[in-house]
Number of protein chains: 2
Amino acid sequence: MEYAPATPERTERLDAARTSGDLRAHNRVQLLRAIHDSGARRTRSQLTHDLDLARGTASVLIGSLAADALIAESPVEDARPVRGRPTLVPGPHPDGPQVLAADLREDAWELAVCSIGGGYEILGGQAHDGTPEEALRPLAAAARAATSGRVVGIGLAVAGPVRDGVVDISHLGWQDVRVPEFFDVSVPLIVGNDARLAGVAEARRGRLQGVAVGLHLHIDFDPGGTLLLDGRPMAGSSGTAGEFGHMPLASRSLDEPCLCGAWGCWSLRVGANALLRHAGLAAGGGRGRALAERILASDGEAVAENARALGEGVAALVNALDPGVVSLSGMGVELLARARDEIEAAYLDGLMAFRRSAPPPIAPSSLGRAGPLIGAMESAFDAFLTPSGLQAWRELRGFGLV
Amino acid sequence: MEYAPATPERTERLDAARTSGDLRAHNRVQLLRAIHDSGARRTRSQLTHDLDLARGTASVLIGSLAADALIAESPVEDARPVRGRPTLVPGPHPDGPQVLAADLREDAWELAVCSIGGGYEILGGQAHDGTPEEALRPLAAAARAATSGRVVGIGLAVAGPVRDGVVDISHLGWQDVRVPEFFDVSVPLIVGNDARLAGVAEARRGRLQGVAVGLHLHIDFDPGGTLLLDGRPMAGSSGTAGEFGHMPLASRSLDEPCLCGAWGCWSLRVGANALLRHAGLAAGGGRGRALAERILASDGEAVAENARALGEGVAALVNALDPGVVSLSGMGVELLARARDEIEAAYLDGLMAFRRSAPPPIAPSSLGRAGPLIGAMESAFDAFLTPSGLQAWRELRGFGLV
DNA sequence: AAGATTATGCTCTAGTCGTGAGCAAAACAT
DNA sequence: ATGTTTTGCTCACGACTAGAGCATAATCTT
C-alpha cells in the first residue's frame, strides 16, 4: 500500500541543534532561561545540577554569558553556614538586557521595565478615553522614551483579539487597529491578547507552574482564555485561539445573537456584561465595570446564574480539552470566592462521567491584576531568549564597545 | 517587584541535544524521520538539501543508518536523464524495523505490518461480537504471531476514549478494559483513540499535511476528533483530549441527557446515533450502522439536521481553537458530499464576524477508512524514531549478530 | 566516439564542543 | 591550626560537523 508522502517541512525543528556551534548557542539559551525562570534565585551550583552539566561546561557557559553582560554573579543573600567553597548566584547584569511590558486596558494603561529573572518596575501609567489615538499615542511615547540601548523587546497586552498586531475591540469600537504603527521603535513588539498573556503569566509564575496542560480563563466583560501546553500558549493558525467565550457553552437559546456575530455565545452568560444584562441594564461598549462589580458584591441571583454558567462552560471545555488544572483570573477570582459551590455543582454535573472521579481543580489566579503585564514581559523575553536573540545582543554590544 | 520563581522542570526539553554524542543521535533520527515522512521517495541528494547538511555529514549519517540495517539505498526507479553522478534513494532495509498497526472497530479488527517509509501490508482481519474477550484475544494472538525480531512497536486504534491503555466504549459496554493485559508482547504497545489516530494520519499523509494547526473530526456513531499542532495530536493531561462530541455545541436544550453523563452534547445532534434518534429509532449500543447509512443515503430532513448541527459545531470549535484547516473523516465524508451547502451555511453563520472573511476550509479526508490504521502506524513509529529507540535497535542487533 | 561538463559520493583536515580528571580556592568542623 | 567538604578553573581527550579536494558516473557537446 502507498499514499502521498509527508511534506519535508514537517521534519524541520526550530529548536534543534545541528552543529557544534548550535550546541553552544542552545546551551547558553537553556542556562539563561533557567536563570530567568527561577527568578534569578538559584545558585550556579544548583543550576549545574538542574541542567545536568559538567562543572567545566557550566564554567564556560556562565563565563560567556557574563562576558556578554547577559548576567552577573553575586554572593548568596541569606548565606547560611554551608561547608565548601561558596557558590554565587547568577542574576541580571547591571547593563544587561531589559524588556518593556505594557498592559493596555479599556480605560488606562501601565508600563513597566523588566530584567532577566523577572523583576520589574512600573514606569508609569495613564487613564484614557477609549479611542485608539488617546490610548496608544501616550503609551507609545512613554515606551519610546524608555527604550534605551538595553531594551531588547516590548510586550503589550490588549483587551481584544489580536491578529499579527491588528486589534479589534468591539467594546470600544476598535476595528482593525494596527497597533505596531503607533510604535516608533526598532525592537521587536509583541502584541498579545490580555487573557492569553494572563495565562502565560499563570503558567510561568502562577498556579499553572509545572502543569503540562493548563486551561486559563480570564473573565472580564467577556470570558476569554488560552490553553497552555508546557507553558506555551496555543496560538492557533492566525493567532486568535482561545476565544472560548464565543462557543455556545451554556446557551439556552442558539437564536440569541452575540456582538461577535455568532449565536448563543458563552459570553452572554458569563462575565460583567452578563451580570449587567441579567439586571436589565445595557451591556457592551466597555462601560459599567463599577456597576457590574456592585452587582457581583450583592450576591444576588445574577451572580448565581453567572456561576452556574461558568461551571457548565468549564465542564464542556474540560470534557474536550482535558486540562490538568483550570485557573481563573479577572472577575473569575471574586466569582470563585463568592459562589464556589454553585460553580462546582454545575461543573461536576457537566463533566463526562469518567472524568468525575478526578476532576481537574478550578483555582484562582495567584497574580492578581498583574497577570497580563507579567505575561507581556514573559512573551517579550521568550522572543529574546533564543539563539538568534542572544546572537543579536552580542553583535550589538560588539559595535557599542568598539 | 517579585513573585514565585518558575519550576526548574519547565526548562527541560526532551528533544534537546546537549552533548556531541546527542548531536549525532539527534541528526540520525532527523534524517531517518525525513526518509520515513517522505514515503522513502526522496533521493539522498534531495534529503541532504532538505536538511541543509554537508555532503560529508550526510555520507556519515546515511552510512551509519545503513550499517544498523535501518535503511538500504537503492537506485531511483523512474530514472529520467539527469546529468551528474546518479544518486540513490534511501528506503526500508530488507531486515529493517517494522511496526504492527491494528484498527479495532466495533464489529471487526484489521492488522497490518508496516515499514519505514510508510508502506504497509494487511496481514489479516476478523469480525467479532463486541465483547472484549472475543475482540481482543484473537487480535492479540495475531499480533503475537506477527511479532518477529524486526517488530519494534505496535499501534492500536480503538473506538473509544483511552487513558493509559484503559479503554471505555460505552457503546459496547466496555468499562475500564485494560487492553495491554491482553497483549503478551515485549515491544511498546501504543493504544490510541481512533478519531485521534485518524487525525494523526491526516496530518502526516492526508489533508492536514503541512498545516500548523489542524482540526480533525472523525464522525462515526458520535463525533470525536483531535487538534493537531505541527503534526502532533494534542493529548491532554490524561490522554483524553478531543472529546468535542461532549460539548453542547449545537444544543437546543441543556436538559437533554447524553450517555456520557453530561447534558446537551453535540453528539446528540451529529453522527449516526443522531440520525437514528431523529428517525425515532433506538440509538446507542453500537448498533444500527447499516440503518444509519440508509438514512444518510435517503437525503431526508434527518440528514439536513445533522448537517446544520455539524456546521454550527465546527463554527464554535473554529471560533475557539483557530485551526487553519478542518478535516472530516468517517461519516463526515459522505455528509460533506451530500449536504455541503447546509453545512457551510450553518458554519458561516456561527463564525465570529472577523473570521468570515477567510474561514478555514472544511475538507474531506483523503485516506478513506484507512485513517485510524495509518495513524496507529505513525504513532508506533513516533515512539521508535527517537534517539533511545534507535539506540535500543542497535543494541538488539548487536546481540543478534554476535 | 571521445572529451567536456555536471552532480554526487568519499575522505581527510580543521575547528568547536562537552566531559571528566586533577588541582586550586574558600568556606566550615574539629 | 588542621582536616573536611564543596565549588570553580584548567586542560587533555574523544566526538562531532563543515568544507575542501578528489574520485566517480552519468549526460552533453563536438
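All values below were derived from every heavy atom in this structure, side-chain atoms included, with hydrogens, water molecules and symmetry-related copies excluded. Order of the sequence lines fixes the chain letters, A, B, ..., with proteins taken first and strands second; residue numbering starts at 1 for each chain.
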Do any N or O atoms from the side chain of [X] and from the backbone of [Y] form a donor-acceptor pair under 3.5 angstrom?
| X | Y | value |
| --- | --- | --- |
| A:D95 | A:R150 | no |
| B:S59 | B:R55 | no |
| B:E202 | B:R207 | yes |
| A:R204 | A:G231 | yes |
| B:D382 | B:S379 | no |

Could you pull out all residues at least two apart from [X] that satisfy side-chain contact (heavy atoms from CB on, under 4.5 Å)?
| X | result |
| --- | --- |
| B:L227 | A:M234, B:V213, B:L215, B:L229, B:M234, B:L321 |
| A:V113 | A:Q98, A:L100, A:E121, A:L123 |
| B:A235 | B:R196 |

- Message: By nearest heavy atom, map A:H49 and A:S20 onto DNA chain D; which one lands nearer the 5' end?
- Response: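 Final value for this comparison: A:H49.
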Partners passing side chain to side chain donor-acceptor pair (under 3.5 Å) against [X] (at least two apart in sequence or in another chain):
| X | value |
| --- | --- |
| B:S366 | none |
| A:R28 | A:S64, A:D68 |
| A:S74 | none |

- Task: For DNA chain D, determine which residues of residues 83-93 of chain A have any heavy atom closer than 4.0 angstrom to one of its atoms, and list them numerically.
- Result: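 Correct list: A:R83, A:G84, A:R85, A:T87.
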- Item | Those residues of residues 60-73 of chain B lying under 4.0 Å from DNA chain D by at least one heavy atom |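 Those residues: none at all.
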- Message: Of all nucleotides in DNA chain D that come within under 4.0 Å of a heavy atom of chain A, which is furthest toward the 5' end and which toward the 3' end?
- Response: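 Counting from the 5' end, contacts occupy D:dG3 to D:dA18.
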- Task: Would you indicate what A:R24 reaches in the nucleic acid, counting non-hydrogen atoms under 4.0 angstrom: base, sugar-phosphate, or nothing?
- Result: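 Sugar-phosphate contact only.
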- Task: Would you indicate what A:T19 reaches in the nucleic acid, counting non-hydrogen atoms under 4.0 angstrom: base, sugar-phosphate, or nothing?
- Result: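 Result for A:T19 = sugar-phosphate.
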- Query: Which heavy-atom pair separates A:Y120 from A:A370 by the least distance, and what is that distance?
  - Reply: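 In terms of heavy atoms, the two residues are closest at OH-CB, 3.8 Å.
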- Contact boundaries of DNA chain C with chain A (under 4.0 Å, heavy atoms), 5' to 3'?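 Here the contact window of chain A covers C:dT16 to C:dA29.
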- Task: For residues 384-393 of chain B, pull every pair meeting side-chain hydrogen bond (donor to acceptor under 3.5 Å, both in side chains), keeping only residues two or more places apart or in separate chains.
- Result: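 Matches after skipping sequence neighbours: B:T386-B:S388, B:Q391-B:E395.
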- Message: Name the residue from B:L61, B:L70, B:I71 that meets the side-chain contact (heavy atoms from CB on, under 4.5 Å) definition with B:L31.
- Response: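 Output: one option passes, namely B:L61.
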- Message: Heavy-atom nearest nucleotide on DNA chain C for B:S45 versus A:L53: which residue maps closer to 5'?
- Response: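 Of the two residues, B:S45 wins.
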- 5'-most contact on DNA chain C: A:G56 or A:G21, nearest heavy atom basis?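 Here A:G21 is the residue nearer the 5' end.
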- Specify the angle, to 10°, made by the local axes at the two ends of the helix from C:dA1-D:dT30 to C:dT30-D:dA1 when five pairs are taken at each end.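 So the angle between the two local helix axes works out to 10°.
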- Query: Does A:L228 reach the side chain of A:V211, with side-chain heavy atoms less than 4.5 Å apart?
  - Reply: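 Result no, sub-4.5 Å side-chain heavy-atom pair not found.
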